[in-house]
Amino acid sequence: MLMFPLARPPGRHYADATLRRGQWRLSHHLRAAAAATSGGGAPDVFDAVPALDDRMRCSALLRERAAGGDHYGCTSLLRWMLARGLRPNRLALAAAVKSSSALPDCRGGAALGRCLHGLAVKVGYADGAVVAKAVMDMYGRIGSLADAHTVFDEMSCSDAVCRNILITASSRAGLYNDVFHLFRAMLASGVDESMPTAVTVAVVLPVCAKLRVLRAGRSIHGYVIKTGLEFDTLSGNALVSMYAKCGGSIAMDDAHLAFSTICCKDVVSWNSIIAGYSENGLFEEALALFGQMISEECLPNYSTLANVLPFCSLVEYGRHYGKEIHGFVVRHGLEMDISVSNALMAHYSKVCEMRAVESIFRSSKMGDIVTWNTVIAGYVMNRYPSRALKLFQGLLFAGMAPDSVSLISLLTACAQVGNLRVGIRVHGYIFRHPELLQETSLMNALVSFYSQCDRFDAAFRSFITIQNKDSVSWNAILSACANSEHHIEQFFRLLGEMWHDVTQWDSVTILNIIRMSTFCGIKMVRESHGYSLRVGYTGDSSVANAILDAYAKCGYLHDAETLFRSLAGRNIVTGNTMISCYLKNNCVEDAEMTFNHMAEKDLTTWNLMSRLYAQNDLCDQAFCLFHQLQSEGLNPDTISITNILSACIHLSSVQLVKQCHGYMLRASLEDIHLEGALLDAYSKCGNIANAYNLFQVSLHKDLVIFTAMIGAYAMHGMAEKAVELFSKMLTLDIKPDHVVLTALLSACSHAGLVDAGIKIFKSIREIYGVEPTEEHCACMVDLLARSGRLQDAYSFALDMPPHVVNANAWGSLLGACKVHGEVKIGQLAADRLFSMEAEDIGNYVIMSNIFAADDKWESVEHVRKLMKSKDMKKPAGCSWIEVEKTRHLFVASDVQHQDRFSIYDVLGSLYQQIRGTQGGTEHLVVTYEL
């Protein structure tokens, strides 16, 4: 390969020697470049022009090919000419040099350019300005700036174009100091032909923007005004872009001023000013300029639309603006451009209009990987993970190779549905493609995926393999640690390593510290609060909200309220966080006060209040709020329906559950946890058939769905079916957790399957690797006690580890003692309960009944005195039934029901049939009224 060393630049006195040494190499590089196009033979055009022996005609054709971007064809033609002794003229050789710089290095573009320079020196073309400029530009493009400067220094007469070439090359190479040096040299030359032009300004100003040197940019602006270039479109566009990228309100005023002075605004002018306003967060102004652009009959291009659509979702009535732009796109036939269709789909995804996204996607005939990624990301963003997984399969079937963006969305979808198996396959794919291991953002997503699936060890191993860790990487693994109190030590060790690896903690790091501090106690929370105040992070609403939440979790609601009142810039999220604090402490009235004082509310606000009402059995308020939510124009989401299902369960209303089910189908709410909640609601309202049907039609049966169905069988006493379904779940390689095992033990307890229950309990730790919880132990006590093995149940309860001792186990034992008339063990169990739940009147009533059944009236009197001393009163019994979609409520000692006389007549008739006496009815009525 013919090379010219930097220390001895190519000149005419080296030409003969270098040409003799590299003549065959020139032929070699031309042949290699030509082979890329036609396999080494002459281009097809030569067949059409058999008499291409005319030098001028060949030179013209060579220039035409170079101008048309056919660089491989240009080199093939040059080879053909040289092989026949046809020397290209100056313009043709300059065109060939430019084509060589456009060829990739793997095709020998750089080496070919150097060889053509040698040829130009040999034939005497190097003196000409046209060839010299082409050679300078070639060296600049391949990064040989020293050679470009050498050619420039050998030129007898250099003009502004030559200097612009050097400035452009220096800018491209990132040598920004050289850019300013060359610009100052042009100013100092004093020669009109060498003074900066509009092209010079257009090259230097982006460097000012990149370095954020606004002062230098304004100096150049002064030169532009002085020389009258401010009216030039090219320099005006560069000024607008420079001011916009430097940022700030003053800079944007300057940008608008520069824009207004452009005499002939083109589409680039409008794009620059619109992009400037959007990059500085001035979205309303950017949209106004877009409307002005159309009103002045300047037709937006693809770049304009790609700039405007992303921020339409961020402004008021953004959904409306997006549809208007979509209509404009269709009217002007711009929908065929991939970048525009991708921008439209991204916009509709942000405004939750996935049907529009699907429609555009189906109509796209030439979608690229960005198109697929946009739709998949839209599904993930709108919580349709199942559709995202299905579309990813379609991407593979279409023969496209997923990139890092595709895999990031896929991992997020897997995390949303808890699909560990697919996530592990993605990890394997990444491992098999080493280039993906270089993508830090993808590896960060992998760490987050394992963290959300509660696989800390896998998350940590993935973190270790990240080659270029950034702050997101560290925050991802810290977030994984903060999920559990078992990783406190490791959290603070990693935090110390991050301090040495990353220059500064960001707000996300502080959020992780605050989350972990809830496991460490109120002292750590207050320390985190103090650090946030010192570094100024409490001004970040997310940090302030996290501190509020931490105080609430530690039970220090007063501290949370104090912080809430001290925050100046309270927003929707802050109000929601405070309501969430009240939710954790069941403070209904305080939550209502905060809710009513909020100027703006979002769907989360309504969901928090409905959940608060539902968990406090305020069903009427929950339903009223649910209707009010819809009257405000909001659409209930999966959380809204989950909350209202809790109220339906409390009322045992199958009709209301069916209405929720119907809404889910109409709104296409696909969420595995919502399906589980609906299945649970059907079973708890007594409709096991609908619960089973829902389980059968579920497309993605995971642990949540199986747990809900096994719990339904347990509740309805269908233990055999519960055990059978559990075995089926194991065959699907779904690992059980403590919740499904609790449901299974409960099923065995209700059905009296003692041996099966004991076997399952033993397998909890031995087979499934799950540490028995207090719920498991309570189920075992209940299982043994129900079957009459009271002594075994008592011994089991005594042997329970201290961390799982709970009132439920002793309560189950006490209830069984009442059934079996066991006074001694019952009294022992009651003593335990009286110390654990001193205010639970039910325990006292049961113990009193046990004593009464055994005629121990002195003990009965003792228990009643205890109740009286504690001022305990048994709440009135209550029951209800739903008849023809109407709920009927019955309370003990309440004779206010509108149909009470008819009810009493029926009860009397039934009692008369049972007893065969007339007086029984009167006694029944008196008893009911008491």
Side-chain angles (χ1 to χ4, degrees), residues 313 319 322 326 338 341-365 367-426 429 442 445-446 448-449 452-453 603 635-642 660-679 694-705 732:
S313 58
R319 188 190 304 259
H326 192 179
I338 294 178
S341 62
N342 292 345
L344 278 169
M345 288 189 292
H347 162 73
Y348 281 123
S349 297
K350 292 175 183 176
V351 296
C352 307
E353 297 232 2
M354 288 309 296
R355 290 184 180 178
V357 174
E358 292 167 346
S359 175
I360 297 171
F361 180 69
R362 284 192 299 267
S363 63
S364 298
K365 297 181 180 179
D368 57 2
I369 187 65
V370 178
T371 307
W372 289 84
N373 288 346
T374 302
V375 184
I376 294 172
Y379 282 137
V380 173
M381 188 190 308
N382 289 276
R383 308 291 297 185
Y384 295 121
S386 301
R387 298 186 188 181
L389 293 171
K390 185 177 180 181
L391 187 62
F392 184 83
Q393 290 179 340
L395 181 150
L396 298 178
F397 290 145
M400 289 193 176
D403 61 6
S404 59
V405 179
S406 319
L407 298 176
I408 289 172
S409 295
L410 183 63
L411 285 170
T412 308
C414 291
Q416 287 177 355
V417 296
N419 195 328
L420 186 63
R421 183 183 301 178
V422 175
I424 292 173
R425 288 180 180 176
V426 174
Y429 181 87
L442 176 58
L446 190 62
S448 298
F449 161 73
Q452 293 176 57
C453 291
L603 188 57
N635 296 319
D637 62 357
T638 56
I639 299 175
S640 312
I641 302 301
T642 302
C660 293
H661 192 180
Y663 177 83
M664 287 170 56
L665 294 174
R666 292 192 302 273
S668 300
L669 295 180
E670 296 179 9
D671 183 81
I672 200 71
H673 297 284
L674 181 57
E675 284 187 24
L678 181 64
L679 195 156
L694 185 63
F695 174 80
Q696 286 292 91
V697 300
S698 179
L699 298 176
H700 302 282
K701 296 181 178 67
D702 68 346
L703 182 60
V704 175
I705 294 297
L732 296 175

Worksheet item: Would Y663 and N635 count as a side chain to side chain contact (heavy atoms under 4.5 Å, CB included) if you check the C-alpha gap in whole Å, the side-chain angles of each, and the deciding distance to 0.1 Å?
Response: CA-CA 10 Å; Y663 177 83; N635 296 319; 4.0 Å; yes
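- Taken from CG in N419 to CZ in R425, the straight-line distance is 8.5 Å, to the nearest 0.5 Å.
- In this structure, P402 and L396 approach most closely via the heavy-atom pair CD-CD2, 3.9 Å.
- Between H326 and L344, the shortest heavy-atom contact is CD2-CD1, 3.7 Å.
- For D702, the side chain to side chain contact (heavy atoms under 4.5 Å, CB included) partners are I672, V704, I705, not counting sequence neighbours.
- A donor-acceptor pair is defined here as one N or O able to donate and one able to accept, closer than 3.5 Å; no such pair exists between the side chain of S359 and the backbone of R355.
- For the pair T412/Y379, no side-chain contact is recorded, criterion being any heavy-atom separation below 4.5 Å from C-beta on.
- Within the structure, salt bridge (charged side-chain N to carboxylate O under 4.0 Å, His left out) pairs that include any residue of residues 385-401 comprise E358-R387, R387-E670 (at least two apart or interchain).
- To the nearest 0.5 Å, atoms SG (C352) and CE (M381) are separated by 8.5 Å.
- Shortest non-hydrogen contact noted between G418 and C453 is CA-SG, 4.4 Å.
- Residues forming a side chain to side chain contact (heavy atoms under 4.5 Å, CB included) with A377 (at least two apart in sequence, or on another chain): S409.
- Nearest heavy-atom pair, S406 versus F392, reported as atom, atom and distance to 0.1 Å: CB-CE1, 4.1 Å.
- Applying the side chain to side chain contact (heavy atoms under 4.5 Å, CB included) criterion to V351, with sequence neighbours excluded, gives S313, R319, H347, Y348, E353.
- Interatomic distance, W372 CH2 to F361 CZ, rounded to the nearest 0.5 Å: 4.0 Å.
- Among residues two or more places apart in sequence or in another chain, the side chain to side chain donor-acceptor pair (under 3.5 Å) test is passed with S698 by E675.
- The OH atom of Y384 lies 6.5 Å from the CG atom of L669; values are rounded to the nearest 0.5 Å.
- Residues L674 and M664 have side chains in contact (heavy-atom distance under 4.5 Å, counting atoms from C-beta outward).
- A 4.5 Å side-chain heavy-atom check between M345 and N342 finds at least one atom pair inside the cut-off.
- The shortest distance between side-chain heavy atoms of T642 and D671 does not fall below 4.5 Å.
- In this structure, S349 OG and I376 CD1 are separated by 11.5 Å, a value rounded to the nearest 0.5 Å.
- Remark: L603 engages N607, L629, L634, D637, S640 in a side chain to side chain contact (heavy atoms under 4.5 Å, CB included) (not counting sequence neighbours).
- The two atoms that bring F695 and L679 nearest to each other are CB-CD1, 3.7 Å, heavy atoms only.
- Between I369 and A401, the shortest heavy-atom contact is CD1-O, 3.8 Å.
- Inter-residue side-chain proximity for L442 and L411 is flagged as met; some heavy-atom pair is nearer than 4.5 Å.
- Summarising the geometry, atom CD1 belonging to I360 is positioned 11.0 Å from atom OG1 belonging to T371; distances are rounded to the nearest 0.5 Å.
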